[in-house]
There are 2 protein chains.
Amino acid sequence: MGVTRRGASVRTPRSTPRPAPSFRVLTGDCVAEMAKLPAASVDLVFADPPYNLQLQGDLKRPDDSRVDAVDDAWDKFESFSAYDDFTRAWLLAARRVMKPSATLWVIGSYHNIFRVGTILQDLGFWILNDVIWRKSNPMPNFRGRRFTNAHETMIWAAREPNAKNYTFNYEALKAGNEDVQVRSDWTLALCTGEERLKDGNGKKLHPTQKPEALLARVILSSSRPDDLVLDPFCGTGTTGAVAKKLGRRFVGVERDSVYATAARDRIDSVLPLPAASVAPFQTAREAPRVPFAALIERGMVSPGTTLTDAKRRVTALVRADGAVSLGDTVGSIHRIGALAQGLDACNGWTFWHVETATGLAPIDTLRAAFRAEQMQAAE
Amino acid sequence: MGVTRRGASVRTPRSTPRPAPSFRVLTGDCVAEMAKLPAASVDLVFADPPYNLQLQGDLKRPDDSRVDAVDDAWDKFESFSAYDDFTRAWLLAARRVMKPSATLWVIGSYHNIFRVGTILQDLGFWILNDVIWRKSNPMPNFRGRRFTNAHETMIWAAREPNAKNYTFNYEALKAGNEDVQVRSDWTLALCTGEERLKDGNGKKLHPTQKPEALLARVILSSSRPDDLVLDPFCGTGTTGAVAKKLGRRFVGVERDSVYATAARDRIDSVLPLPAASVAPFQTAREAPRVPFAALIERGMVSPGTTLTDAKRRVTALVRADGAVSLGDTVGSIHRIGALAQGLDACNGWTFWHVETATGLAPIDTLRAAFRAEQMQAAE
DNA sequence: ATTCTCAATGAATCTGTCG
DNA sequence: CCGACAGATTCATTGAGAA
């Protein structure tokens with residue numbers, strides 16, 4: 001399968017004298033710009049709209065440094081209703097340019113994704129999956145008042161119900177995933193380091209640049225070579241760069257001319273890859289870390305169990321939440337193990353033991369059994 | 001802290017002659033039954049509402065490919081609209097019985113969760129997290145036309161914005177998780193095997209029974225012992241069984257009397273865990289405040305003592321009134337610590353140190369000793 | 001060259017209490 | 001309701017610069 005060349009891949013000639021170039025970034029409002037595109041001309045839409053984060057004050061890290069938040073004007077909306085109107089408008093514009101067989105992806109967080117999903121359904125899109133981007137290195141919750149917000153949600157939808165001819169490269173994905181079906185949760189790292197575009201001062205050029213690996217999975221799973229990919233919120237052109245790399249065509253829209261220019265430069269410099277060379281769906285290795293709480297959830301240790309050291313000199317009590325208590329003090333198996341010995345640190349997995357039929361056994365043996373189970377389940 | 005006994009734990013006596021039992025399953029419509037409960041009486045709501053209203057009754061039209069597009073859209077609107085009305089009704093009823101500090105969890109899939117989330121926001125709930133239940137053993141996708149649907153989504157929300165006193169047992173969760181804060185994605189197995197309730201024929205009794213481990217995380221993370229947990233769609237009583245096990249109280253509502261009966265039997269047979277394994281413990285946040293002046297009054301620090309940071313780069317002088325001075329500036333240990341570092345804020349307890357026989361020690365160790373004394377004195 | 005330490009940072013609706 | 005302030009709070013990764 002050859003790489004798309006300029007002009008060669010245009011399938012539906014229209015009245016314009018010259019065929020559209022294969023890679024375009026339009027500067028302007030996405031609804032207005034999409035309205036100028038021919039109807040039913042796009043094979044795949046990927047959209048990363050504003051999330052409407054509704055942030056208020058500053059957030060400081062424990063070291064008192066300030067978190068560089070998304071405080072741009074484009075992410076501010078007067079109300080949920082205003083956000084809904086905005087969402088309805090761009091989704092309708094996108095729908096018009098989608099071929100009947102096209103599908104659409106939208107990424108968001110809990111701030112906006114529920115509204116996007118509801119409107120998708122109300123407009124008659126047909127949700128095929130919601131897919132979780134599970135971040136391997138999310139920003140922590142600095143104040144300890146919520147769970148670490150460690151994922152974002154993507155919705156994958158067909159233009160209408162009963163769409164039966166949409167592209168889903170099931171066999172190829174499965175073959176590239178150790179012959180296991182690809183799941184609806186994808187573990188991927190944030191876009192950092194070299195990949196992250198910087199401005200002249202070494203600061204991030206765009207506040208929400210997505211990792212290319214994420215886009216590669218989207219494009220590889222739900223489009224074919226030479227397909228036309230549309231990104232209405234093109235930003236610094238991640239979608240376009242990956243589309244070109246993977247032999248697809250691309251049209252993006254970006255309101256901010258600085259971002260649009262950066263996107264054009266970036267896409268220009270991309271060299272398409274041989275199509276067969278990318279296999280991004282290798283199974284994510286599970287984090288080696290096993291929380292002690294998981295053994296309790298699994299029923300391997302009961303709350304109320306007494307832990308003791310190898311010489312039965314100290315004991316601690318297993319709590320339902322996976323912490324352990326020694327007298328009035330509650331903490332992790334590691335902290336309490338350290339406390340029991342008067343040390344700064346301790347490996348609770350090897351220090352603490354439980355009574356078994358065959359005598360005292362370190363809880364590390366339970367962890368090993370748990371891991372073995374997990375490995376089996378993954379097969 | 002004893003295990004909750006029938007009636008003994010009711011905290012707000014009301015006009016009814018007998019206190020409500022600690023574990024109840026009401027048979028009936030959840031909106032009607034919640035309306036009978038006292039307002040602001042519930043600490044935690046967990047709801048697993050029906051997902052597929054559009055597949056019920058006369059709206060069910062599988063594989064009807066010849067439907068006119070307009071009619072089709074109208075059907076969906078009607079169907080979604082009915083689901084929205086239903087959702088709004090039960091959420092409002094739940095909201096009334098929630099204490100101001102209460103939080104609510106809803107679990108769903110892409111069929112319904114976007115509508116639930118939108119309505120939650122529209123009703124003024126405040127989303128704290130969306131949490132992904134990542135299934136370690138999901139059912140495969142048999143047709144190979146989509147990604148394996150390997151997760152469900154939960155929304156965790158406070159009753160209103162700026163709710164600052166909701167329960168989140170951050171420290172305990174972290175201690176049970178290898179001393180790392182718990183993320184918004186939870187990997188847990190489906191409810192199968194022994195745990196899955198069966199009917200007389202060995203068939204599963206309920207189509208969507210949730211694993212107890214999932215409910216255990218929900219209840220352990222966002223409630224305290226003796227709290228009242230409400231489940232408006234009680235089913236076969238998983239929430240109630242786990243609540244009882246963990247020393248919480250419970251009220252559930254279930255429309256189907258077969259399920260309700262099964263739930264009652266199930267909850268009756270649960271034995272609560274030993275109180276010590278679920279007992280709350282004092283976190284750093286909840287520890288009693290100690291004014292720095294109290295250490296001086298107690299003789300633990302003398303006026304005139306020199307304080308310094310861990311690297312002995314700056315020094316401050318302890319005053320008799322409990323303030324400290326740095327050059328001409330006088331202020332609290334925190335203010336002066338911030339000043340010394342050129343920061344906006346500082347925890348003076350950990351920043352400032354005193355010389356001891358064994359070297360430099362943070363004044364926080366003095367505070368800990370003071371608190372220990374106070375504890376002893378209180379006994 | 002190699003290893004170690006320290007600093008920086010990422011779509012974040014991130015405190016509680018008292019006056 | 002607002003302001004002041006005590007004081008509690010972070011994980012994975014990259015990269016620079018020191019040892």
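No experiment lies behind these values; they were computed from the predicted model shown. Letters A, B, ... are given to chains in the order of the sequence lines, protein chains preceding strands, and every chain is numbered from 1.
Residues B/Thr167 and B/Asn169 are in side-chain contact: their nearest non-hydrogen atoms beyond the backbone lie under 4.5 Å apart. Looking only at side-chain heavy atoms (C-beta outward), B/His334 and B/Asn347 come within less than 4.5 Å of each other.
Atom name C1', nucleotides C/dC14 and C/dG10: the rounded distance is 15 Å, in whole Å. Going from the C1' atom of C/dT13 to that of D/dG7 covers 23 Å, rounded to whole Å. Atom name P, nucleotides C/dC18 and D/dA8: the rounded distance is 15 Å, in whole Å.
Among the protein residues, A/Thr208 comes within range of the nucleic acid bases, having at least one heavy atom under 4.0 Å from a base atom. Within 4.0 Å (heavy atoms only), A/Pro138 reaches at least one base atom of the nucleic acid. The residue A/Asn52 sits apart from the nucleic acid: no heavy atom pair falls under 4.0 Å.
Residues meeting the side-chain contact (heavy atoms from CB on, under 4.5 Å) test with A/Met139, sequence neighbours left out: A/Val67, A/Phe142. Contacts of A/Pro207 classified as side-chain contact (heavy atoms from CB on, under 4.5 Å), with partners at least two apart in sequence or in another chain: A/Val70, A/Asp72, A/Trp74, A/Tyr259. Residues passing the side-chain contact (heavy atoms from CB on, under 4.5 Å) test with A/Asp63 are A/Arg61, A/Ser65, sequence neighbours excluded.
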Filtered N/O pairs between nucleotides 3-7 of chain D and protein, under 3.5 Å:
residue, atom, partner, partner atom, Å
D/dA6, OP2, B/Ser332, OG, 2.7
D/dG7, OP2, B/His334, NE2, 2.4
D/dG7, OP2, B/Trp349, NE1, 3.1
D/dG7, N2, A/Arg143, NH2, 3.2

Under 3.5 Å, which N/O atoms of the protein pair with N/O atoms of nucleotides 13-19 of chain D?
residue, atom, partner, partner atom, Å
D/dG15, OP1, A/Glu194, N, 3.4

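Counting non-hydrogen atoms of neighbouring residues, nucleotides and ligands closer than 6.0 angstrom, the CZ atom of B/Arg88 exceeds 12 such neighbours. Residue A/Arg255 places its CZ atom among 12 or fewer non-hydrogen atoms of other residues, nucleotides or ligands, all under 6.0 Å distant.
Spacing between atom CD of B/Glu178 and atom P of D/dT10 amounts to 16 Å, rounded to whole angstrom units. Whole-Å rounding puts the A/Arg134 CZ to D/dA12 P distance at 12 Å.
Every pair passing salt bridge (charged side-chain N to carboxylate O under 4.0 Å, His left out) that includes a residue from residues 324-346 of chain B is listed here, sequence neighbours excluded: A/Lys60-B/Asp344. The list of side chain to side chain donor-acceptor pair (under 3.5 Å) pairs with a residue in residues 312-327 of chain B, not counting sequence neighbours, reads B/Arg312-B/Glu355, B/Arg319-B/Asp321. Screening residues 151-178 of chain B for salt bridge (charged side-chain N to carboxylate O under 4.0 Å, His left out) gives B/Lys135-B/Glu152, B/Glu171-B/Arg285 as the qualifying pairs, with residues at least two apart or on separate chains.
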Could you spell out the base pairing of DNA chain D in dot-bracket, with Watson-Crick or G-U pairs whose two distances are under 3.5 Å, [ ] crossing and | to another strand?
.|||||....|||||||||
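Of the residues in residues 312-328 of chain B, not one places a heavy atom less than 4.0 Å from an atom of DNA chain D. Using a 4.0 Å cut-off on heavy atoms, the residues of residues 61-69 of chain A that approach DNA chain C are A/Arg61, A/Val67, A/Asp68, A/Ala69, listed by number.
First and last contacts of DNA chain C with chain B, using any nucleotide atom under 4.0 Å from a protein heavy atom and ordered 5' to 3', fall at C/dT13 to C/dG16.
B/Lys174 has a side-chain polar atom (N or O) that falls below the 4.0 Å cut-off from OP1 or OP2 of D/dC11.
Syn is the classification of C/dT13, since its glycosidic angle stays within 90° of 0.
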